[in-house]
Asker: 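This is the structure I have questions about; it appears just below.
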Amino acid sequence: MKKDFLKLLDFSGDELYAILDVADKLKFALKRGIKNKPLKGKSLGMIFEKSSTRTRVSFEVGMYQLGGQALFLSPRDLQIGRAEPLEDTARVLSRFLNGIMIRTFKQSDVEKLAEYASIPIINGLTDFAHPCQVMADLQTIREFKGELKGRKLCYIGDGNNMANSLIVGGLKTGMSVSIGCPDAYRPDKAIMEFAEQYGDKFCVTSDIFKAAKDADAIYTDVWASMGMESEAAKRMEDFKGYCVDQALCDVAAKDVMVLHCLPAHRGEEITADVFEAHAKEIFEEAENRLHAQKAIMLMCMGK
Ligand code: CP
Ligand code: NVA
């Protein structure tokens with residue numbers, strides 16, 4: 001059966017650890033100039049229905065480093081932009097490519113693409129999930145903290161795609177996860193139901209100080225995600241008080257790390273001083289997109 005990477009709910013903790021171990025090995029090899037081309041001759045199509053800096057560049061460079069090539073496919077140019085059904089696009093592209101990475105709005109579209117494609121599909125972000133980002137996040141936390149098991153991950157802000165994927169990735173790898181968000185912006189219902197089985201290892205609260213207490217890592221993301229631009233003004237009001245600032249970091253563990261998937265809006269979800277104080281972790285996290293995604297591509301498209 002072909003291996004897709006659609007959402008972290010589809011993977012066991014052991015499978016996530018296996019990807020992280022490969023990501024660490026690839027990072028180590030790259031730093032030492034060790035070249036290996038396991039995806040030689042393979043092609044990845046990258047469909048972007050939303051903007052991207054990190055995802056696009058890290059997939060394209062990652063594919064090149066693994067010996068393959070990546071094609072940037074914009075819906076402005078593809079026939080899907082002119083209503084060719086995804087079912088047909090999936091079957092056509094399966095004849096040319098060895099894998100597809102897609103960034104789009106609906107998770108159901110990614111699942112549909114995977115259903116009709118005979119090649120692996122990788123989710124490069126939907127409104128529901130951002131699983132590639134979270135693999136890089138887990139890699140970064142493990143790098144800085146030594147291990148994930150027993151650590152506390154706190155997410156502050158919108159219960160969005162990042163929150164959904166962090167909850168699943170964090171809990172499955174043995175962390176406890178706390179979410180500090182306004183009541184009206186809680187994570188997806190299916191994710192909340194999944195998290196229930198973890199008992200007191202999971203908590204959602206509107207009290208950000210409670211959420212951040214003794215946290216080993218504090219994570220935040222924009223208040224208005226891509227596609228929510230029309231709600232931005234209302235969200236600025238609704239999220240007042242949900243900013244990661246020094247006072248919040250002070251209630252966390254002494255050596256707390258701060259993470260952000262980027263792009264960041266200083267003065268909104270994070271203060272400029274906290275961002276700069278933790279730039280080391282945040283940009284290592286950005287770099288790890290490359291290593292984690294190479295591991296994901298190997299799992300999906302390798303032998
Ligand atoms: N974090 C992230 O996915 O960044 P891009 O939107 O730039 O790809
Ligand atoms: N929640 C953000 C993440 C960007 C990487 C968005 O979907 O726009």
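Please read these numbers as outputs of a predicted model, since none were measured by experiment.
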Asker: Check whether any side-chain heavy atom of Asp137 sits under 4.5 Å from a side-chain heavy atom of Met162, and report yes or no.
Answerer: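 Answer yes - side chains close enough.
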Asker: Could you tell me if Gln246 and Asp273 have a donor-acceptor pair between their side chains, going purely by distance under 3.5 Å?
Answerer: no
Asker: Answer yes or no: is there a side-chain heavy-atom contact under 4.5 Å between Leu20 and Leu148?
Answerer: yes
Asker: Do you know the tightest heavy-atom contact between Val256 and Ala215?
Answerer: CG2-O, 3.5 Å
Asker: If only side-chain N and O atoms count, and only distance matters, is there a donor-acceptor pair under 3.5 Å linking Gln293 with Ser58?
Answerer: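 Yes - a donor-acceptor pair under 3.5 Å links their side chains.
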Asker: Between Arg91 and Asp88, is there a salt bridge with N-O shorter than 4.0 Å?
Answerer: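 Salt bridge between Asp88 and Arg91, a charged N being under 4.0 Å from a carboxylate O: yes.
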Asker: State which residue, out of Lys50, Arg289, Gln133, Glu60, fulfils the side-chain hydrogen bond (donor to acceptor under 3.5 Å, both in side chains) condition with Thr55.
Answerer: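 That would be Arg289; it is the only one of Lys50, Arg289, Gln133, Glu60 passing the side-chain hydrogen bond (donor to acceptor under 3.5 Å, both in side chains) with Thr55.
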Asker: Could you work out, with side-chain contact (heavy atoms from CB on, under 4.5 Å) as the rule, every residue matching Lys149, not counting sequence neighbours?
Answerer: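 Scan of Lys149 (side-chain contact (heavy atoms from CB on, under 4.5 Å), adjacent residues dropped) gives Tyr17, Glu147.
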Asker: Just how far is it from atom SG of Cys154 to atom CZ of Phe209, taken to the nearest 0.5 Å?
Answerer: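 The SG atom of Cys154 sits 11.0 Å away from the CZ atom of Phe209.
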Asker: When you look at NZ of Lys145, are more than 12 heavy atoms from neighbouring residues, nucleotides or ligands closer to it than 6.0 Å?
Answerer: yes
Asker: Any side-chain donor paired with an acceptor under 3.5 Å for Asn288 and Glu143?
Answerer: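 Side-chain D/A pair, Asn288 to Glu143: present.
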Asker: Do Met63 and Lys42 come close enough that some side-chain heavy atom pair is under 4.5 Å?
Answerer: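 When only atoms from C-beta onward are counted, Lys42 and Met63 do touch, with a gap below 4.5 Å.
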Asker: Any heavy-atom pair between the side chains of Leu39 and Met297 that's under 4.5 Å?
Answerer: yes
Asker: Would you say Leu166 and Val177 make side-chain contact, with heavy atoms under 4.5 Å?
Answerer: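 When only atoms from C-beta onward are counted, Val177 and Leu166 do not touch, as no gap falls below 4.5 Å.
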Asker: Is the ring pair Phe5/Phe11 parallel, tilted or perpendicular, if the boundaries are 30 and 60 degrees?
Answerer: tilted
Asker: Any idea which heavy atoms bring Leu6 and Val110 closest together, and the distance?
Answerer: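 That closest heavy-atom pairing would be CD2-CG1, 3.7 Å.
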Asker: Got Leu138 and Ile19 here, is their nearest side-chain heavy-atom distance under 4.5 Å?
Answerer: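 Side-chain contact under 4.5 Å: no.
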Asker: Counting only heavy atoms not in Lys213, do more than 12 fall under 6.0 Å of its NZ?
Answerer: no
Asker: Under the side-chain contact (heavy atoms from CB on, under 4.5 Å) test, which residues partner Lys280, sequence neighbours left out?
Answerer: Phe144
Asker: If you apply the rule side chain to side chain donor-acceptor pair (under 3.5 Å), what do you find for Ser43 with Gln69, and how did you get there?
Answerer: CA-CA 5 Å; Ser43 299; Gln69 66 164 351; 2.9 Å; yes
Asker: Indicate whether the side chain of Thr140 and that of Glu284 have a donor and an acceptor atom separated by less than 3.5 Å.
Answerer: no
Asker: Does any non-hydrogen side-chain atom of Glu268 lie less than 4.5 Å from one of Val222?
Answerer: no
Asker: Yes or no on side chain to side chain donor-acceptor pair (under 3.5 Å) for Tyr219 and Glu285, after CA distance, side-chain angles and deciding distance?
Answerer: CA-CA 11 Å; Tyr219 200 113; Glu285 175 190 14; 3.3 Å; yes
Asker: Using every non-hydrogen atom in the two residues, find where Gly157 and Pro182 come nearest and quote the distance to one decimal.
Answerer: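 Scanning both residues completely, I find the closest heavy atoms to be O-CD, 4.0 Å.
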Asker: Can you confirm whether the side chains of Ser12 and Asp14 place a donor and an acceptor under 3.5 Å from each other?
Answerer: no
Asker: Enumerate the residue pairs fulfilling side chain to side chain donor-acceptor pair (under 3.5 Å) with a member in residues 198-207, sequence neighbours excluded, ordered by first and then second residue.
Answerer: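 Not a single pair qualifies under side chain to side chain donor-acceptor pair (under 3.5 Å).
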Asker: Restricting to side-chain contact (heavy atoms from CB on, under 4.5 Å), what partner residues turn up for Ser74, sequence neighbours left out?
Answerer: Phe72, Arg76, Asp77
Asker: If you count heavy atoms of other groups shown closer than 6.0 angstrom to CZ of Phe28, is the number above 12?
Answerer: no
Asker: Would you mind listing every side chain to side chain donor-acceptor pair (under 3.5 Å) that reaches into residues 164-188, with sequence neighbours excluded?
Answerer: Tyr185-Asp238
Asker: Do Ile282 and Leu262 have side chains that approach each other closer than 4.5 Å (heavy atoms only, starting at C-beta)?
Answerer: yes
Asker: Look at atom NZ of Lys210 and say whether more than 12 heavy atoms of other residues, nucleotides or ligands are closer to it than 6.0 Å.
Answerer: no
Asker: Has Arg56 got its NZ or CZ under 6.0 Å from the middle of the six-membered ring of Phe59, at an angle within 45 degrees of the ring axis?
Answerer: no
Asker: Is it the case that the side chains of Arg266 and Thr271 hold a donor-acceptor pair, with the cut-off being a distance below 3.5 Å and no angle test?
Answerer: no
Asker: So is Arg103 actually on top of Phe48's ring, under 6.0 Å and inside 45° of the axis?
Answerer: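 Cation-pi check for Arg103 and Phe48: fails.
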Asker: For Gln107 and Asp127, run side chain to side chain donor-acceptor pair (under 3.5 Å): C-alpha distance rounded to whole Å, both residues' side-chain angles, the deciding distance at 0.1 Å, then the answer.
Answerer: CA-CA 7 Å; Gln107 180 73 18; Asp127 293 344; over 6 Å; no
Asker: What's the shortest heavy-atom distance between Ser225 and Asn160, and which atoms?
Answerer: OG-ND2, 3.5 Å
Asker: How is the hydrophobic cluster of Phe105 composed, in terms of its other members, when Ile, Leu, Val, Met, Phe, Trp and Tyr link through side-chain heavy atoms under 4.5 Å apart, directly or indirectly?
Answerer: none
Asker: Can Asn123 and Lys7 be counted as having a side-chain donor-acceptor contact under 3.5 angstrom?
Answerer: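 No donor-acceptor contact under 3.5 Å links the two side chains.
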